[in-house]
Amino acid sequence: MNAASAGVVPVLMVVLRLLLAVRLLVSGAAKLRQPASTQVAVARYRLLPERMVPLAAALLTGAEIVVGLALLTGVGVRGAAVGAAMLHLAFAAGIAANLTRGRSFDCGCRGPHRRRRISWSLAAENVIAALAAVAVATLPYVPVTGADNLALALAAVTGLVIIGLVTAVGRLTTGSRRFTDTMARSSI
């Protein structure tokens, strides 16, 4: 590894770690605020016996929050990254199992107020997140200190802003299509 990549890899790993942390914490917080909705979402996948759903929903919520906090704080990074990879692979498998059965429903990923249907792209997104987590778990981890903290913070904020913009554009596009469809129906 040359000197340039030696500095980039640790920063990239920290950025990936923080993005995974935010993803898990947002999801876990949404589930924590609406435990009954989380149980409904877990049941919708039809992967567990009904009596196991409340426990699974609680464990899922707790796991997302604990793993997210560990990734955010940098405590037990490798173990937390393995946990994040396992969670995301489980999500992808659950989505894929239902899609192959021809089922379609809200994923329950971000709570009851942010609806998103299961899809192959959502399964792929979870596989990509799992791969990012595997990278965090296996590539060299060097704590970032000093002036690198500012660069790291700026990179993380930039990444979050980009994610926010992509999400906003997606919502605007979806909303625009709904508006156009509504207008087209009302003119008939």
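Along the sequence shown, the residues carry numbers beginning at 1. Heavy-atom basis, side chains included; hydrogens, waters and symmetry copies ignored.
Under the 4.5 Å side-chain criterion, counting only non-hydrogen atoms from C-beta, H88 is in contact with L20. Contact of the T38 side chain with the L32 side chain is not registered, since no non-hydrogen atoms from C-beta on lie closer than 4.5 Å. A 4.5 Å side-chain heavy-atom check between M13 and L16 finds at least one atom pair inside the cut-off.
When all heavy atoms of V67 and G83 are compared, the pair lying nearest together is CG1-C, 4.3 Å. Taking all atoms of both residues into account, the shortest heavy-atom contact from G68 to L24 is CA-CB, 4.1 Å. Considering every non-hydrogen atom in both A92 and A123, the closest pair reads CB-O, 3.6 Å. In plain terms, the two heavy atoms of V136 and R17 that are nearest each other are CG2-N, 3.9 Å. Between A137 and V82 the shortest heavy-atom distance is CB-CG2, 4.0 Å.
Counting only distance, with no hydrogens or angles, the side chain of S27 and the backbone of R23 share no donor-acceptor pair below 3.5 Å.
Here CG of D106 is found 10.5 Å from CZ of R116. Values are rounded to the nearest 0.5 Å.
Remark: R101 CZ is packed, more than 12 non-hydrogen atoms of other residues, nucleotides or ligands lying under 6.0 Å away.
By the 4.5 Å side-chain criterion applied to Ile, Leu, Val, Met, Phe, Trp and Tyr, L99 is assigned to a cluster that also includes Y45, L47, I95, F105, I118, W120, L122. Under the 4.5 angstrom side-chain criterion for Ile, Leu, Val, Met, Phe, Trp and Tyr, L89 has no cluster partners at all. Hydrophobic cluster membership for L131: V127 (Ile, Leu, Val, Met, Phe, Trp, Tyr linked by side-chain heavy atoms under 4.5 Å, directly or transitively).
A single hydrophobic cluster is not seen to contain both L48 and L59; linkage of ILVMFWY side chains at heavy-atom distances under 4.5 Å, directly or through other members, places them apart. The hydrophobic cluster containing L72 also contains V14, counting ILVMFWY residues as joined when their side-chain heavy atoms lie under 4.5 angstrom apart, directly or transitively. Under the 4.5 Å side-chain contact rule for hydrophobic residues, L71 and L12 share a cluster. Under a hydrophobic clustering in which Ile, Leu, Val, Met, Phe, Trp and Tyr are joined whenever their side-chain heavy atoms come within less than 4.5 Å, directly or via other members, L87 and M52 fall into the same cluster.
For T100, there are no side-chain hydrogen bond (donor to acceptor under 3.5 Å, both in side chains) partners at least two apart in sequence or on another chain. Checked against side chain to side chain contact (heavy atoms under 4.5 Å, CB included), L69 has the following partners two or more places apart in sequence or in another chain: L25, I65. Under the rule for a salt bridge (Lys or Arg N to Asp or Glu O under 4.0 Å), R46 has no partner lying at least two apart in sequence or in another chain. Among residues two or more places apart in sequence or in another chain, the side chain to side chain contact (heavy atoms under 4.5 Å, CB included) test is passed with A41 by R44.
Each disulfide bond (SG atoms under 2.5 Å apart) pair with one or both residues in residues 12-96, not counting sequence neighbours, would appear here, but there are none. Sorted by first and then second residue, the salt bridge (Lys or Arg N to Asp or Glu O under 4.0 Å) pairs with a member in residues 61-70 read K31-E64; sequence neighbours excluded. Residue pairs meeting the ring-ring contact (aromatic ring centres under 6.0 Å, His included) criterion with at least one member in residues 50-80: none, sequence neighbours excluded. The salt bridge (Lys or Arg N to Asp or Glu O under 4.0 Å) analysis of residues 53-63, with sequence neighbours excluded, yields no pairs. The disulfide bond (SG atoms under 2.5 Å apart) analysis of residues 51-108, with sequence neighbours excluded, yields the pairs C107-C109.
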